Amino acid sequence: MIATETISIQKTKNSRLSEVDFNNLSFGSIISDHMLVSDYANGEWGPSKIVPFGHISISPTMLALHYGQVVFEGMKAFKLKDGNISIFRVEKHYDRFCKSMERMCIPHMSFEHFDEALKALVKLDAAWVPANEGCSLYLRPFVFASEERFGVKVADEYKFIIFGGPVGPYYSAPLKVKVEDRYIRAAHGGTGFAKCSGNYGGAFYPTSLARKEGFDQVIWTDGSPELNMEESGTMNVMFLLNNILVTPPISDSILDGVTRDSFITLAKEMGYKVEERKVSAKELIAGFENGTFKEAFGTGTAAVVAPIQTISIKGTNYKLPEVKDDNVSLKIKQRLLEIRMGLKPDTNKWNTIVKP
Ligand code: COI
C-alpha cells in the first residue's frame, strides 16, 4: 500500500493495459485497472481509497436498488501534447453532481473530496488515457444509497465510486431522430435537470420503440401542444436556424450539459450568434420549408457532437443538408478538441492538469 495525502492506493498486480487495442476503441466496454471508493456513514464521507477495479458485494436490500437514489457524472480526461493529462471542466461537473445529489436527498460532498479523488485515479491510470484524436479516458463518478434495508426512506449510508475507461467516438454516422410526441422524459418540478439514473431508465422504452421504427434517437419535447424541443437522447440539442445557433434554455426539465455550455461559450468566441430560447416543432418545419434550417446536432460528454441528418415530426421525415466538414457544429467541435488536447490556449481555464 502506498499512501498519498488522504487517499490510500492498492495497486493491481495484473494490469490489463497490454490487452487494449487503443486504435479500435468503442464506447463503454473497457475499464481501466483501478477504481476509487469512499463511503458515507455516521453523517460524513470517509476517506477515499483506490483499489483494483472489480466487483463489489451488495445486499439485495440495498436501498438504491429499490428506491433509486443514484446519481452520476460523465467526464473526460485527455492526453495533452506535452504528455500531461487534462481533466475537462471538473468544477462544472462537480456543480452539477451536487445539484443532482441534493435533488435526490444524497448528502453533500466537498469539492476537495471529488477533485482529489478524480486526480488521484487519473494519475494512477494515466497510461490508460488514449493519445489518439477523438479518444479520451471517460470517467464515471457515481454515488448510490448503500444502506441495507427495504423500508422506504432516505438512506443514511452511501457509496461513491469513480471508474474510467478509454473511449473512442460515440456515434459513427449522422443521426435520424424522431420528435417524440407521445412520451416525455421530464416534467417541470421533476428530476429532469438531475443526472439521476432513473432518467435514463425511463428513456429506454420510448427510445426502443423509435429504434424499431428505424430511428437512432428521439428528440424529447416539453409535452406541450407546441412540442417545444428539450433534449435529444442523452444529449442537449442545438439548431442552426437563420445562421443563429438556437438551443432550448436550461430549465428544471433539461440537463445542464457541460458540452452544451462549452459549445455556447466557444460559439460566441468564434463570432456566432447564439440564442437560448424555446424552439417549437412549427418553427423547425418552417425552417425546413423555407431553407433557413441548416444544421441540427446533439452535444454531450460521451458523444461530443452528434450531427442530425433527418428529423421526423408527426410522421413526416425532414432532411437537413448533408453534413460537411465546414458545418458550424464541426468547427466548434474542432476548437473544443484543440483546447482539450492543449493545442490551443485554455483561456476559459477548463483543463485541470494532472502530471502522470
Ligand atoms: C454523457 O454524455 O457522458 C452521458 O452521461 C450520457 C450517457 C453516456 C449516459
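Remember, it's a predicted structure, so these values are computed and weren't measured experimentally. Both counts, for ligands and for their atoms, begin at 1 and track the order of listing.
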[atom1] of [X]: more than 12 outside heavy atoms within 6.0 angstrom?
X	atom1	answer
Lys153	NZ	yes
Phe111	CZ	yes
Glu276	CD	yes

What's the shortest distance from [atom] to any protein heavy atom, and which residue and atom give it?
atom	answer
atom 5 (O) of ligand 1	Lys195 NZ, 2.7 Å
atom 3 (O) of ligand 1	Tyr138 OH, 2.5 Å
atom 9 (C) of ligand 1	Tyr200 CE2, 3.7 Å
atom 8 (C) of ligand 1	Ala302 CB, 3.7 Å

Item to check | Aromatic plane relationship, Trp45 with Tyr40 - under 30° parallel, 30 to 60° tilted, over 60° perpendicular | outcome: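 Because their plane-to-plane angle is over 60°, the rings of Tyr40 and Trp45 count as perpendicular.
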
Next on the checklist: So, using side-chain contact (heavy atoms from CB on, under 4.5 Å) as the criterion, who are the partners of Asp261 when residues are at least two apart?
Outcome noted: Arg89, Lys92, Thr265

At less than 4.0 angstrom from any non-hydrogen atom of [X], what atoms of ligand 1 do you find?
X	result
Gly74	3 (O)
Phe72	5 (O)
Thr301	1 (C), 2 (O), 3 (O)
Thr234	6 (C)

Item to check | Validation row, ring centre Phe293 to ring centre Tyr318 under 6.0 Å | outcome: no

Checklist entry - Tyr170 to ligand 1: N or O pair under 3.5 Å? => result no

Checklist entry - Is Met35 isolated, or which residues cluster with it under the ILVMFWY side-chain rule of less than 4.5 Å, directly or via members? => result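 Met35 clusters with Ile31, Val37, Val51, Phe53, Ile56, Ile58, Met62, Leu65, Val70, Phe72, Phe142, Phe144, Ile161, Phe163, Tyr200, Leu255.
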
